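All remarks here apply to the structure that follows.
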Amino acid sequence: MNRKVYMTFEDFKRQNSELGTNLPFADSTDILNSSLTIQGKEIKNRLVCQAMEGCDSTPDGRPDELTKRRYKRLAKGGAGLIWYEATAVMQEGRANPRQLYINEKTLDAFKAQLEDIKETGLRENGFEPVVIMQVTHSGRYSKPEGKPAPLIAYNNPIFEKDNPIPADRIVTDEYIDEVKEKLILGARFAEKAGFDGADIKCCHRYLNCELLSAYNRDGRYGGSLENRTRLLRESIKGAIESCSSDFIVSSRINIYDGFEYPYGFGVSKDGGLDFDVTESEWLFRELYKYGVRLMNITMGNPYFNPHVNRPFAMGGYEAQEHPLEGVARVLNGIAELKSRVPEMAIISSAVSYLGVAAPNVVAAYIKNGGFDLAGFGRTIFAYPDFANDIIKKGAMDKNRCCICCSKCTEVMRAGSTPGCVIRDREVYAPLYKEFCGGK
């Protein structure tokens, strides 16, 4: 597949009309330069660098040279909020041998990097970005030694088909209790390192996310909605109780998985793939009661249906929908949840495919109350200073936008460190050539 990324506003408007996606478009993006305060912390603008894993730590989990380079570039780039990538809290829960891992031994390295991020932002832009660390257990996608070592909530025939993962890899309730304590500890480490908050990661089918759809699991973490959300809720509650009152505890969460019940969360139980916001609404109301004031929303599974969570122009398969339809599903689903829980501040996702139209689309949603902050994912690999261009120039440079070619994912799946092969060619094109054969 080779669909054009919208390089002009006219292309976007024409396709938006032809497809009937009817994404809103604001002529002015000024609202993106307004601030938002969460728990006493001022986010200087409405632009967010989403968590994009670099797979480039040292073997013991400290930020390495490419990690430091990436976040220095983001700090210079002017986004008000940087959502720091997935950071493991248990060795066996690392997604790859070079996933960041926060613990007592690596804490000082994270502290030093945070100081550099804050100092760089202040020096370059006149403010320190708010930085939130994503703490995680990779569950089904654990690969700490470089080969799959899954730890699953339940067997899923959609993924496993005729080769089910052995039952002894299904984690016990007691093990999940241990994961909860490690996630809480990870949040405490994040605060000690200087982060402004911690995200108890619950997306993209990692362990916490998989439990959301554990309808047929027995015990304290399966069956009822209260049980399926127990790890997330109790981890968040424990983190809030263990950290300072102005420390932001949040979650990047799937509100829709995109595969049928009983194997997908946020999906209608009638056998189809329609989005159902009911359980997410209940969960967000509960988390608000705990003191959560900010949530970061996504959909889909990058390993199974990436067109749902990051619509692409070129990828490993032909999606059965136009990428713009995928963008609309995510943004309109977020807006529907926001309308039901308006008191919760919400970050959007899945806008990189919009190219130069992205600032105008997210500005329209924010003006209309659809969400509060606009998250950019793949864009930050290609265009780390996108925020400064939006704030200072009112637009993005079409020659610097992510083209959604999926090469960053391809090189990561091949075992290397992902980055933009097209826009950051000097660093990542040689890695792509080495690991992917230069295809």
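Keep in mind that the numbers below use all heavy atoms, side chains included, and drop hydrogens, waters and symmetry copies. This structure is a prediction, so every number in the text was calculated from the model and none was measured.
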Kindly indicate whether the side chain of [X], heavy atoms from C-beta on, has any atom under 4.5 Å from the side chain of [Y].
X: Tyr428; Y: Arg423; result: no
X: Ile347; Y: Ile297; result: no
X: Thr67; Y: Glu65; result: no
X: Gln134; Y: Asn296; result: no
X: Asn155; Y: Ile165; result: yes
X: Leu207; Y: Val171; result: yes
X: Asp385; Y: Arg73; result: no
X: Leu225; Y: Trp282; result: yes

Electrostatic pair [X]:[Y] at N-O distance under 4.0 angstrom:
X: Glu336; Y: Arg340; answer: yes
X: Lys182; Y: Glu178; answer: no
X: Lys180; Y: Asp173; answer: no
X: Lys68; Y: Asp116; answer: no
X: Glu18; Y: Lys13; answer: no

Side chains of [Y] and [X]: any donor to acceptor distance under 3.5 Å?
X: Tyr317; Y: His307; result: yes
X: Tyr290; Y: Arg233; result: yes
X: Asn16; Y: Thr21; result: yes

If you measure from [atom1] on [X] to [atom2] on [Y], what distance do you get to the nearest 0.5 Å?
X: Glu281; Y: Ser339; atom1: CD; atom2: OG; answer: 8.0 Å
X: Arg310; Y: Cys408; atom1: CZ; atom2: SG; answer: 6.5 Å
X: Ile390; Y: Asn33; atom1: CD1; atom2: CG; answer: 10.5 Å
X: Asn301; Y: Cys209; atom1: CG; atom2: SG; answer: 7.5 Å
X: Arg220; Y: Glu234; atom1: CZ; atom2: CD; answer: 7.5 Å
X: Leu74; Y: Ile117; atom1: CG; atom2: CD1; answer: 8.0 Å

Report yes or no: does [X] contribute a side-chain atom to a donor-acceptor pair with the main-chain N or O of [Y] at less than 3.5 Å?
X: Arg94; Y: Gln99; answer: yes
X: Asp389; Y: Met396; answer: no
X: Lys433; Y: Gly437; answer: no
X: Asn45; Y: Ser34; answer: no
X: Arg252; Y: Cys203; answer: no
X: Ser224; Y: Asn227; answer: yes
X: Asp56; Y: Arg70; answer: no
X: Arg228; Y: Tyr215; answer: no
X: Ser213; Y: Glu210; answer: yes
X: Tyr256; Y: Thr298; answer: no

Among Phe195, Tyr84, Trp83, Phe110, the one residue meeting ring pair (Phe, Tyr, Trp, His ring centres under 6.0 Å) with Tyr71: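 So, applying the ring pair (Phe, Tyr, Trp, His ring centres under 6.0 Å) to Tyr71 and each of Phe195, Tyr84, Trp83, Phe110, only Tyr84 qualifies.
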
Centroid-centroid distance, Tyr263 to Phe159, less than 6.0 Å: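 No.
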
Aromatic ring proximity Phe9/Phe25, centre distance under 6.0 Å: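 Aromatic pair counts; centres sit under 6.0 Å.
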
Check against side chain to side chain donor-acceptor pair (under 3.5 Å), Tyr101 and Gln91: CA-CA 7 Å; Tyr101 176 22; Gln91 171 62 24; 5.2 Å; no

Tyr303 six-ring centre to Arg413 NZ/CZ under 6.0 Å and within 45° of normal: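 Yes, cation above the ring, under 6.0 Å and within 45°.
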
Six-ring centre of Tyr288, Arg293 cation under 6.0 angstrom, axis tolerance 45°: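 Judged by the rule, Arg293 and Tyr288 form a cation-pi pair.
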
CA sep, side-chain torsions, deciding dist, call: Arg285, Glu343, side chain to side chain contact (heavy atoms under 4.5 Å, CB included): CA-CA 9 Å; Arg285 292 189 186 282; Glu343 61 271 26; 3.8 Å; yes

Within 6.0 angstrom of Asp218 CG, more than 12 heavy atoms from elsewhere: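 Count not over threshold, so no.
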
Neighbour count above 12 (heavy atom, 6.0 Å) for Asn163 CG: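 No, the 6.0 Å shell around CG holds no more than 12 heavy atoms from other groups.
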
Mutual orientation of the aromatic rings belonging to Phe371 and Tyr365 [parallel < 30°, tilted 30-60°, perpendicular > 60°]: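 Phe371 vs Tyr365 ring planes: parallel.
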
Salt bridge (charged side-chain N to carboxylate O under 4.0 Å, His left out) between Glu260 and Lys269, worked out: CA-CA 8 Å; Glu260 356 7 273; Lys269 296 180 181 179; over 6 Å; no

Audit row: Ser268, Leu273, side chain to side chain contact (heavy atoms under 4.5 Å, CB included) steps and yes/no: CA-CA 6 Å; Ser268 171; Leu273 291 178; over 6 Å; no

Full working for salt bridge (charged side-chain N to carboxylate O under 4.0 Å, His left out) between Arg329 and Asp274: CA-CA 10 Å; Arg329 180 196 299 111; Asp274 291 338; over 6 Å; no

Member of Thr417, Thr58, Asp64 meeting the side chain to side chain donor-acceptor pair (under 3.5 Å) criterion with Arg98: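 Only one option passes, and that is Asp64.
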
Derivation and outcome, side chain to side chain contact (heavy atoms under 4.5 Å, CB included), residues Tyr206 and Arg140: CA-CA 6 Å; Tyr206 299 105; Arg140 177 174 291 273; over 6 Å; no

Stepwise side chain to side chain contact (heavy atoms under 4.5 Å, CB included) check, Ile253 with Leu283: CA-CA 11 Å; Ile253 185 171; Leu283 176 58; 3.5 Å; yes

Test log, rule side chain to side chain donor-acceptor pair (under 3.5 Å), inputs Ser349 and Gln50: CA-CA 8 Å; Ser349 300; Gln50 286 285 22; 3.2 Å; yes

